[in-house]
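Numbered from 1 within each chain, the chains take letters A, B, ... in sequence-line order.
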Amino acid sequence: METVERTFVANLATIPSMMEFVSATAEAFGVHPKRIMHLELAVEEATANICSYAYEIPPGEVTIKISREIEMFRIELIDSGVPFDPMAMEAPDLKAELESRQVGGLGVFLIRRMLDDVHYSRSGTQNVLSLAVRYGEK
Amino acid sequence: METVERTFVANLATIPSMMEFVSATAEAFGVHPKRIMHLELAVEEATANICSYAYEIPPGEVTIKISREIEMFRIELIDSGVPFDPMAMEAPDLKAELESRQVGGLGVFLIRRMLDDVHYSRSGTQNVLSLAVRYGEK
Amino acid sequence: MNVKTQAEKGYWVVKLEGRLDISNSSQFEQECMQWIEQGQRRFILDLGGLEYISSAGLRSILAATKKLKAQKGSLSLCALSGLVEEVVTVSGFDNILQVYPDLTQAMAEE
Amino acid sequence: MNVKTQAEKGYWVVKLEGRLDISNSSQFEQECMQWIEQGQRRFILDLGGLEYISSAGLRSILAATKKLKAQKGSLSLCALSGLVEEVVTVSGFDNILQVYPDLTQAMAEE
Ligand SMILES: Nc1ncnc2c1ncn2[C@@H]1O[C@H](COP(=O)(O)OP(=O)(O)O)[C@@H](O)[C@H]1O
Ligand SMILES: Nc1ncnc2c1ncn2[C@@H]1O[C@H](COP(=O)(O)OP(=O)(O)O)[C@@H](O)[C@H]1O
């Protein structure tokens, strides 16, 4: 089987199940434990944003599609919320002092830094965020 | 990889994650969707019992160990609660009329009926419930 | 789980979609009790869209059925398939509840 | 997540085990605020047993640190490893918080 897919209610209480879906599948497909942690982090950050910001009338839904490509383990997060391209966001100011440090903006930044391939596309009424890691420790 | 394992806090709120761990792994290993439903049902019933009855001071923990055997997809549910052998329970009276029908006792019965192999062992201070299905639709 | 209700020809038709399990069965049971309090007496649960049910789900249906019987009401199931049909059969619930192939027949024969 | 606290040599040592994520970070933040209200001022978070942290977790630590600074207190981290070390570094939190290799050094140098 090369692709598996599951749809979840997009609310904070289901995030642990979404993370479990991704990490159990990654483990079964032989992704290195360290990279599974990176994936889990990206899934938590991205789905938390979908649950919090994507839908004008929450909760909406989020579909997670997992593909076992030859070189990469890829997941796509698909929602029907407001258009939002996380790749277009500026990185937070990491040098800011404690006092001025903003509490937000980190989630998207971590997603971009932890994975090997991240890209966004808008497809019809859907946001598609594609996240991938290589199988090995790297 | 032939075995994966995860430990969860045994409370009702984590049951969806436990089910997701099992079904995502089963899906990745090619278990037929119908049999995945049977597994999910057995995992819900067994873990609900562990969360409700196993620990004198809840919540305890439950470890789920998944093995990809040649003919069977097997999971073991391991807890450190009071000794409890579900195989020793009598089946509920399925012919009872509505008025006298007991609301309990069904969970264990469903586990035994839905899977291809179920057995219990006590190992030191632990309960080990071993549950398996064949990969195909059957 | 999605729950949609509709009053139709004297029946209270409850359409369930998704999963009825330990995470939502007590909420569903409460909803049933509220409908009964509001005066609904003849329930049909349309399970055509229900993909999964566990003993916790059966328990909530059984509790509602007992409550309805005590009030001279009734509860029947229709449109079962897949795992739901299997669980209802294996557990013998098809002996204690009326089960119909589809909603039309449930409304005709009940 | 498991949280164990201990007062030691004037420090309030908080040992975290498991995962600090969106499902428990606001509870953790509340606990921190309670400790501060109870008069604790010099926090050391021992993350030796912490396996996972997300931005929600960082946010709760940042909130506690700001509160402590406002009360002339302090908060430092120690014994980071694996993903936790990576996340703290990548997010630049090691620039705004004191980070020590282990508890002994955190108590010696803070
Ligand atoms: N799915 C989304 N839809 C709409 N807006 C979003 C979405 N995800 C993130 N955002 C916006 O981007 C900002 C930055 O997100 P993030 O980096 O995760 O940090 P945080 O959630 O901590 O603010 C959010 O505050 C929100 O305004
Ligand atoms: N893990 C367990 N530890 C101790 N007792 C248990 C355990 N699981 C089940 N039991 C006992 O067995 C009974 C039957 O369980 P079950 O068939 O799941 O039905 P129910 O939970 O609906 O009563 C329970 O009521 C409980 O007394």
Side-chain angles (χ1 to χ4, degrees), chain A residues 1-37 39-44 47-48 51 59 61-70 72-77 131-137, chain B residues 1-37 39-44 47-48 51 59 61-70 72-77 131-137:
Chain A
M1 168 181 337
E2 296 307 288
T3 303
V4 293
E5 181 177 321
R6 194 100 85 221
T7 296
F8 298 86
V9 177
N11 63 32
L12 296 181
T14 48
I15 291 180
S17 294
M18 300 188 219
M19 291 168 73
E20 192 56 57
F21 173 51
V22 171
S23 59
T25 307
E27 196 164 347
F29 286 167
V31 178
H32 189 280
K34 215 178 123 181
R35 304 318 307 278
I36 296 180
M37 296 293 259
L39 274 172
E40 278 190 39
L41 180 65
V43 171
E44 178 184 329
T47 57
C51 297
E61 288 187 338
V62 54
T63 295
I64 304 182
K65 198 183 273 183
I66 304 184
S67 319
R68 182 190 198 172
E69 300 175 357
I70 294 168
M72 299 264 214
F73 179 87
R74 183 175 304 281
I75 70 175
E76 286 177 320
L77 302 180
L131 310 170
V133 294
R134 291 190 200 86
Y135 292 92
E137 188 177 358
Chain B
M1 169 181 335
E2 296 307 289
T3 303
V4 292
E5 180 177 323
R6 194 99 85 222
T7 297
F8 298 87
V9 177
N11 63 32
L12 297 180
T14 48
I15 291 179
S17 294
M18 299 188 220
M19 291 167 73
E20 193 54 57
F21 172 51
V22 171
S23 59
T25 306
E27 196 162 347
F29 287 167
V31 178
H32 189 280
K34 215 179 122 181
R35 304 317 309 278
I36 296 180
M37 296 292 259
L39 272 173
E40 278 189 39
L41 180 64
V43 171
E44 178 182 330
T47 57
C51 296
E61 289 188 337
V62 53
T63 295
I64 304 182
K65 198 183 273 182
I66 304 184
S67 320
R68 183 190 198 173
E69 299 175 358
I70 294 168
M72 298 263 213
F73 179 87
R74 182 175 305 280
I75 70 174
E76 286 177 320
L77 303 178
L131 310 170
V133 295
R134 291 191 200 84
Y135 292 92
E137 187 177 356

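Across B:M19, B:M18, B:R6, a single residue satisfies side-chain contact (heavy atoms from CB on, under 4.5 Å) together with A:E20, and that is B:R6.
Using a 4.5 Å heavy-atom cut-off against chain B, the contacting residues of residues 7-15 of chain A are A:F8.
Legend: residues meeting side chain to side chain donor-acceptor pair (under 3.5 Å) with A:E5, ordered by chain and number and at least two apart, are absent.
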